[in-house]
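Let me begin by presenting the structure, written as structure tokens, before commenting on it.
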Amino acid sequence: MPIEDVQAKLDLLVGALDGQDAGAIIAATEDLATAVILFRGAAIPAGSEAEARTLITRTLAQLEAAAMRINLLKDWTRQRIDMNHAIRGTQPRGLALTY
């Protein structure tokens, strides 16, 4: 079932986020995006609607947890950038250093 593929790719993304490995995060994000596209185009087999609903609910909860991890990484990165600027006595230049 395609939702199981989405779940597996999401597990990989969460692992990459926890490991703070930028390359793995990018690869896992691309794999997850592909799995979601395939899921959106797939039909749910008759009689498995309840199972699909359960899997979707669990996947959505995990997506929320991944979003929280991303926000934490974003905050930590922003703090490191700000600390580096404070140490150097410089200011951020342009939009490239803002979110």
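The analysis underlying the following values was restricted to heavy atoms, covering all of them including side chains, and did not include hydrogens, waters or symmetry mates. This is a predicted model, so every value here is computed, not measured.
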Roughly how far, to the nearest 0.5 Å, is the [atom2] atom of [Y] from the [atom1] atom of [X]?
| X | Y | atom1 | atom2 | value |
| --- | --- | --- | --- | --- |
| Ile70 | Thr77 | CD1 | OG1 | 11.5 Å |
| Phe39 | Lys9 | CZ | NZ | 15.5 Å |
| Arg80 | Asp75 | CZ | CG | 11.0 Å |
| Gln62 | Leu13 | CD | CG | 9.5 Å |

Residues in salt bridge (charged side-chain N to carboxylate O under 4.0 Å, His left out) with Arg69, at least two apart?
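Salt bridge (charged side-chain N to carboxylate O under 4.0 Å, His left out) check on Arg69 returns Asp18.
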
Could you check whether any side-chain N or O of Thr54 sits under 3.5 Å from a backbone N or O of Ala50, counting only pairs where one atom can act as donor and the other as acceptor? yes

When every non-hydrogen atom of Ala66 is compared with those of Val14, the smallest separation belongs to CB-CG2, 4.1 Å

- prompt: Less than 4.0 Å between a side-chain N and a carboxylate O, is that true for Arg78 and Asp82?
  reply: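 Salt bridge present between Asp82 and Arg78.
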
Paired with Thr34, the side chain to side chain contact (heavy atoms under 4.5 Å, CB included) test is passed by just one of Val36, Leu32, Asp31, Leu38, namely Leu38

Check: Leu73 and Ile25 side chains under 4.5 Å, non-hydrogen atoms |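 In contact.
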
Contact between Leu63 and Leu60 at the side-chain level, heavy atoms closer than 4.5 Å - yes or no? yes

Under 4.5 Å between side-chain heavy atoms, counting indirect links through other Ile/Leu/Val/Met/Phe/Trp/Tyr residues: same cluster for Leu17 and Trp76 or not?
yes

- Do you see a donor-acceptor pair shorter than 3.5 Å between the side chains of Gln7 and Asp11?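 Side chains of Gln7 and Asp11: pair found under 3.5 Å.
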
